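Working notes, beginning with the structure itself.
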Amino acid sequence: MSSKDAITPREQDYSAWYNELIEVADLAEHSAVRGCMVIKPYGYAIWEAIQRQLDDRIKATGHLNAYFPLFIPKSFLQKEAAHVEGFAMECAVVTHSRLKKGPDGQLVPDPESALAEELIVRPTSETIIGESFARWVQSYRDLPLLINQWANVVRWEMRTRLFLRTMEFLWQEGHTVHADFDDAEAETSRMLEVYREFAESVLAMPVYVGKKTEREKFAGAEHTYCIEAMMQDRKALQAGTSHHLGQNFARAFKIEYLSKDQKQQTAYTTSWGVSTRLVGGLVMTHSDDKGLVLPPAVAPIHVVVIPIRCGKPEERAEVEAYLAPLLKRLEGVQFKGRPVRVHVDMSDQRPGAKHFTWEKKGVPVRVEVGPRDMKEGNLVYALRTTLGTEEGKKTIGRDAFGEGLVALLEDYQRGLLERARAFRDAHTRDVDDKAAFEAFFTPKSEERPEIHGGFARAGWCGEGECEAQVKERHKVTVRCIPFTGEPFTGACVWCGKPARAGQPRVLWAKAY
RNA sequence: CGGGCGGUGGCGCAGUGGUAGCGCACGCGGUUUGGGACCGUGAGGUCGGGGGUUCGAAUCCCCCUCGCCCGACCA
């Protein structure tokens with residue numbers, strides 16, 4: 001693909017579109033290390049925006065940040081049976097502490113430096129943190145213990161995709177300790193709600209909330225709650241998880257406290273996380289065939305100004321003088337608690353080329369300033385996506401633009417959420433008949449196998465066997481058992497036995 | 001980890017045994033500038049890595065590696 005060409009349209013090949021978009025928007029690239037990515041400055045700025053705003057919420061709910069080691073002694077991982085079972089297949093293992101020159105001059109691990117106990121590069125930190133928590137928690141007065149860490153983790157994946165699944169990824173992982181089950185349960189729910197609100201108000205990504213099935217829950221958890229988003233190819237993306245770990249890790253690591261009535265009690269723990277995968281979700285929720293589309297809340301740049309003429313020093317000076325009152329006006333102006341970010345593109349590309357560049361990078365508002373506008377006290381602006389309203393550029397007074405910018409960004413942010421919600425709702429359907437269920441998930445065309453119905457709400461008996469068969473046959477899984485919805489009294493869509501009592505229709509979908 | 005397809009300048013590609021090329025991007029000079037400018041002139045590649053066959057390998061053979069797609073696994 002030459003840089004002059006447009007990217008592959010979504011209709012033609014959704015995967016190719018995704019990969020090319022990440023390249024042309026300059027978000028990330030493959031590294032020399034298989035399965036690992038380099039997050040480029042523009043992509044990292046999006047992650048930083050996510051971090052900042054989520055970190056604010058994590059702190060607002062009483063959590064403190066801390067940092068634990070990258071390396072986990074193998075014996076720690078082994079202490080929780082289900083946990084080690086779940087992660088054993090994808091662990092990077094450190095076996096030696098130094099290199100030496102081998103017979104052929106190549107560096108090899110020095111056999112004499114073999115570690116007495118091998119170290120695992122953390123795939124998640126429940127165990128290493130559990131070991132600390134056991135010492136930190138002594139009394140009921142130490143509870144609840146509410147900790148979060150921002151970190152990288154490694155899971156040795158066989159098949160990777162930029163942002164969606166890489167061997168190393170960045171995330172936050174909250175780890176908390178509570179006196180009893182109910183308090184841990186409240187925490188698990190509270191943080192899921194933080195994620196839901198964050199996804200919708202910051203990422204403009206509508207999500208379904210619910211509980212994972214036994215098959216899909218976190219290795220070592222009592223139960224797992226999740227937020228699930230629908231991508232434009234109608235597949236589900238697990239965008240965040242919150243786990244009630246019960247006493248599983250507390251028992252394994254002896255996280256115990258003396259209660260008010262002088263009894264030694266085993267604590268209850270939770271963990272919850274979201275990762276750089278959200279950036280991939282963001283891309284697949286909003287972007288179009290022209291490139292990235294970003295909600296202003298996470299856009300590294302809110303407004304890019306494209307001067308029509310700025311080749312000569314006197315032209316630049318004129319543009320700068322014209323923009324000065326606007327930039328001054330916007331100083332200190334905030335959107336979603338962060339300064340409004342304006343970039344003036346004085347590079348020597350032609351105006352059209354600048355439009356294409358910034359359009360691909362998803363900047364919400366592009367502003368043109370030309371000789372005509374400067375004469376008339378105006379500027380011309382265009383939104384990255386018009387969201388179905390009237391197309392094209394609008395002329396507005398320079399000062400009026402400054403006045404109205406925050407409202408413009410707010411409308412745009414809301415518009416993206418509404419559009420995504422409408423798309424999701426249009427492709428989420430109650431399906432009660434097995435034949436209809438199968439038809440729903442059967443691609444309409446060989447050429448575009450990814451296009452299928454979307455999310456189906458359907459009855460489920462609750463048996464893992466049914467789930468397994470559906471996955472085998474249609475690559476469809478239960479994404480979650482929604483918290484809301486009428487208890488469903490009909491049959492399991494697959495086996496025909498009665499749906500599990502008191503449970504609503506569950507959410508079935510193909511997933512990333 | 002299995003199957004398929006790929007790796008030639010930053011990007012996209014041509015080149016099937018005989019002097020490594022093209023387009024875009026890039027540097028310099030100039031003319032331009034309201035949706036991807038044009039002219040002139042330059043720079044840039046031990047052809048993914050290693051081994052083999054050959055007088056000679058980007059090209060043929062073997063091994064490795066990385067990427068993409070499909071499976072199994074997974075945030």
Side-chain angles (χ1 to χ4, degrees), chain A residues 1-8 13-16 18-20 23-24 26 29-37 86-91 104 106 123-124 153-173 195 212 215-219 224 226-229 236-243 271-281 290-291 306-312 315 319 347-360 366-374 378-382 392-393 395 449-450 471-472 475 477 479 511-512:
Chain A
M1 180 190 58
S2 104
S3 65
K4 193 148 187 163
D5 295 333
I7 58 178
T8 303
D13 183 340
Y14 197 77
S15 273
Y18 179 82
N19 292 331
E20 290 167 18
E23 181 192 332
V24 301
D26 215 23
E29 62 185 23
H30 291 279
S31 73
V33 185
R34 181 174 69 84
C36 294
M37 66 176 163
F87 285 103
M89 293 300 288
E90 45 184 359
C91 286
D104 56 358
Q106 296 298 300
T124 178
V153 288
V154 168
R155 297 180 187 177
W156 208 268
E157 301 291 348
M158 293 305 142
R159 196 173 159 190
T160 60
R161 296 194 68 190
L162 294 178
F163 289 112
L164 296 175
R165 179 168 300 105
T166 46
M167 295 216 309
E168 179 188 15
F169 57 93
L170 307 183
W171 76 347
Q172 58 69 218
E173 47 180 328
Y195 288 157
K212 283 294 185 191
R215 285 173 58 86
E216 299 274 331
K217 77 175 185 186
F218 178 75
T224 290
C226 62
I227 55 172
E228 295 279 332
L237 185 78
Q238 179 175 305
T241 48
S242 183
H243 317 293
S271 68
W272 27 272
V274 302
S275 72
T276 35
R277 171 176 253 204
L278 288 179
V279 178
K290 290 189 272 190
I306 299 173
I308 299 305
R309 291 176 191 224
C310 59
K312 301 191 178 101
E315 289 170 345
V319 169
S347 70
D348 61 3
Q349 284 178 298
R350 290 160 70 96
K354 292 179 185 179
H355 276 288
F356 278 96
T357 299
W358 295 110
E359 193 167 56
K360 281 188 294 194
R366 298 191 307 281
V367 167
E368 274 177 20
V369 177
R372 270 205 313 273
D373 309 307
M374 291 192 279
N378 289 333
L379 46 75
V380 174
Y381 75 92
K393 298 174 184 178
T395 300
E450 72 276 16
K471 184 174 183 183
E472 166 76 24
K475 312 208 182 312
T477 51
R479 299 320 302 156
Y512 275 95

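Keep in mind the model is a prediction, meaning the values are calculated, not measured. Excluded from the calculations below are hydrogen atoms, water molecules and symmetry mates; all remaining heavy atoms, backbone and side chain alike, are included. Below, chain A is the first sequence line, B the second, and so on; all start at residue 1.
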Gap in Å between the two P atoms, one belonging to B:C63 and one to B:C5, rounded: 15 Å
B:A37: pairing nucleotide in any strand, Watson-Crick or G-U under 3.5 angstrom: B:U31
Integer angstrom distance from the P of B:C61 to that of B:G4: 16 Å
Protein-nucleotide distance (A:F218, atom CZ; B:A75, atom C1'), rounded to Å: 11 Å
OG1-CD distance between A:T160 and A:E168, expressed to the nearest 0.5 angstrom: 12.5 Å
A:A353 side-chain proximity, nearest of B:A75, B:G36, B:G35: B:G36
Nearest listed nucleotide, side chain of A:E315, among B:A75, B:G35, B:U33: B:U33
Donor/acceptor link under 3.5 angstrom from A:K290 side chain onto base of B:G35: no
Pairing partner (Watson-Crick or G-U wobble, both distances under 3.5 angstrom) of B:C5: B:G67
Flag side-chain contact, heavy atom, 4.5 Å: A:R277 against A:V279: no
Nearest-0.5 Å distance, SG of residue A:C226 to OH of residue A:Y195: 12.5 Å
Phosphate-side-chain proximity, A:R350 and B:A37, N/O vs OP1/OP2 below 4.0 Å: yes
Sequence-aligned protein contact record of nucleotides 66-72 of chain B, with B where the base is within under 4.0 Å of a protein heavy atom and S where only the sugar-phosphate is: SSSSBBB
G-U wobble or Watson-Crick pairing nucleotide for B:C24 (cut-off 3.5 Å, both distances): B:G10
Partner nucleotide, any strand, of B:C47 [Watson-Crick/G-U, under 3.5 Å]: none
Base partner of B:A58, which must satisfy Watson-Crick or wobble distances under 3.5 Å: none
Pairing partner (Watson-Crick or G-U wobble, both distances under 3.5 angstrom) of B:C73: none
Nearest-nucleotide comparison on RNA chain B, the residue closer to the 5′ end among A:F356 and A:R309: A:R309
Distance between C1' atoms of B:C39 and B:G51 (Å, rounded): 49 Å
Whole-Å P distance, B:G44 and B:G2: 42 Å
Upstream residue (5' side of RNA chain B) when A:E359 and A:Y512 are each assigned their closest nucleotide: A:E359
Donor-acceptor contact below 3.5 Å, side chain A:Y18 vs main chain A:L162: yes
Whole-angstrom distance between B:G15 and B:G52, as gauged at atom P: 29 Å
